[in-house]
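Reading through the structure tokens given below for one structure.
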Number of protein chains: 2
Amino acid sequence: MPTSTFHNLDESKRKQIFDACVDEFASHTFSEASINQIIKAANISRGSFYQYFADKEDCYMYLLTEMVKEKMVMFKDVVATNDNDTVFDEYEAMFDKAILWIEKKPQYYQIGVKMDMDNSEFIRKLLKGNLASLDYFATLIRRDQQRGIIRMDIVPEILTEMLFSINQKALMNFFYNRDFEGMKKHLRHILEIIRKGSTTEENHV
Amino acid sequence: MPTSTFHNLDESKRKQIFDACVDEFASHTFSEASINQIIKAANISRGSFYQYFADKEDCYMYLLTEMVKEKMVMFKDVVATNDNDTVFDEYEAMFDKAILWIEKKPQYYQIGVKMDMDNSEFIRKLLKGNLASLDYFATLIRRDQQRGIIRMDIVPEILTEMLFSINQKALMNFFYNRDFEGMKKHLRHILEIIRKGSTTEENHV
DNA sequence: CCTCGATATGACAACCCTGTCACATTTAGT
DNA sequence: ACTAAATGTGACAGGGTTGTCATATCGAGG
């Protein structure tokens, strides 16, 4: 919750400050990030910073809400899913969206990575609220079990966990290599294994 | 490479210092770890610390080599594998060893976790050399492909990557919950999916 | 008992960081 | 043009960190 003073600022100055925050929090964890660096990059005085934000946490929350806003604007029309889609199709669609996002705003992705790396009280609390999409996928898996697509003996939460940990690794990979086609092939191979297994038919006993 | 002065110390004093290092590096990343905390816990003076170690890096390297020594002693006899074992059997065996290790030395595991969280130049270099066991598993997978156990169209490196990212998550989980039986069941379910897939037979087209 | 090399010590310099506050400057309204 | 409120500023206090170094203490051999 930045102060009213901050909201009254020129669009351009606000952007200056926002960009400085992005730079700092993309290259350092929350704990490591330095207000000194932010004010230097944003070309404002120490006093001003504290006139805009209560403290570093306040500043970080501002950054996150701005990012969420931008993300919502960007993806507001990318939602349509086909009724015949399986959970795997939706998973791939989600992955594509994430890739698009990383390409557009690599720094935002980095901020997320740094966030996972921090384990201050403050950041741990923030991350707690982040588990909703796991439930969503578990629901999709249950749906596909009812449809006869996924084996009934599969535990939805465990399959979800697999999909997500793979997703995380794949995105990290993409971020460092920027090889979209390679990454997609890689991911499809993984999904193929998760769908049909890695052993030969004779060994499916 | 601690100094000769350090090596000449009483066993007990050396252990005192070692333990203080373990405590500090298990609860902080390398970058966050504070020499001040270590000397306080070890009950030595600032000057002594620098008489024993060149700097924090030196101290950390000492810690790691001691840990590796202990690990080698502990696992020197746990190697025997059966000729009929598949890569999955060896994977489970490796997992069990890791669990044993965590139970014996939880702090060492924490040091590893903190290590992954740090991305200082120094730590990144250290982690680079850590990828040998990935090759080993890829080799096992190739062997099992020749034996007709694993499908020939599987890319060994990708399957390896899946096994390792799952391993990492599972160990983390065990560390926090200490539910060995639950964790084993969980892991077997995941391996079942990787072996035979998650979809019903009709969908294996 | 004395001396000399090995070892222990903590004060110190130099560099980070945050949050505050008295003061300077700008802006808006009369 | 003048005043009052809003905004900008950087010095400062108080806290952290690391690595050094002059000095003190210890211990073994002469």
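Labels below follow one simple rule: chain letters A, B, ... track the order of the sequence lines, proteins then strands, and each chain is numbered from 1.
Looking at residues two or more places apart in sequence or on another chain, you find no side-chain hydrogen bond (donor to acceptor under 3.5 Å, both in side chains) involving Arg195(B). Taking Tyr109(A) as the reference, Phe175(A) meet the ring pair (Phe, Tyr, Trp, His ring centres under 6.0 Å) condition, with sequence neighbours excluded. Taking Lys125(B) as the reference, nothing meets the side-chain hydrogen bond (donor to acceptor under 3.5 Å, both in side chains) condition, with sequence neighbours excluded. For Tyr108(A), the side-chain hydrogen bond (donor to acceptor under 3.5 Å, both in side chains) partners at least two apart in sequence or on another chain are Glu70(A). Evaluation of the side-chain hydrogen bond (donor to acceptor under 3.5 Å, both in side chains) rule for Asp116(B) yields no partner, not counting sequence neighbours. Contacts of Tyr91(A) classified as ring pair (Phe, Tyr, Trp, His ring centres under 6.0 Å), with partners at least two apart in sequence or in another chain: none.
Tyr52(B) places none of its side-chain heavy atoms less than 4.5 Å from the side chain of Tyr62(B).
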Sequence neighbours left out, cut at 3.5 Å: what donor-acceptor pairs do the side chains of residues 133-140 of chain B make with other protein atoms?
{"residue": "Tyr136(B)", "atom": "OH", "partner": "Glu90(B)", "partner atom": "OE1", "Å": "3.1"}
{"residue": "Thr139(B)", "atom": "OG1", "partner": "Asp135(B)", "partner atom": "O", "Å": "2.9"}

Let me check something: any side-chain donor-acceptor pairs from residues 13-20 of chain A under 3.5 Å, sequence neighbours excluded? List them with distances.
{"residue": "Arg14(A)", "atom": "NH1", "partner": "His7(A)", "partner atom": "O", "Å": "3.0"}
{"residue": "Arg14(A)", "atom": "NH1", "partner": "Leu9(A)", "partner atom": "O", "Å": "3.0"}
{"residue": "Lys15(A)", "atom": "NZ", "partner": "Asp19(A)", "partner atom": "OD1", "Å": "3.3"}
{"residue": "Lys15(A)", "atom": "NZ", "partner": "Asp19(A)", "partner atom": "OD2", "Å": "2.9"}

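Near DNA chain D, defined here as any heavy-atom distance below 4.0 Å, the residues from residues 4-35 of chain B are Ala33(B), Ser34(B), Ile35(B), listed numerically. Listed in residue order, the members of residues 41-53 of chain A having a heavy atom less than 4.0 Å from DNA chain D are Ser45(A), Arg46(A), Gly47(A), Ser48(A), Gln51(A), Tyr52(A).
The phosphate of dC16(C) (OP1 or OP2) has no side-chain N or O of Asn36(A) nearer than 4.0 angstrom.
Boundaries of the chain A contact region on DNA chain D are dT7(D) to dA11(D), first to last in 5' to 3' order (nucleotide atom under 4.0 Å from a heavy atom).
Applying the side-chain hydrogen bond (donor to acceptor under 3.5 Å, both in side chains) test to pairs two or more places apart or on separate chains, those with a residue in residues 159-172 of chain B are His186(A)-Glu161(B).
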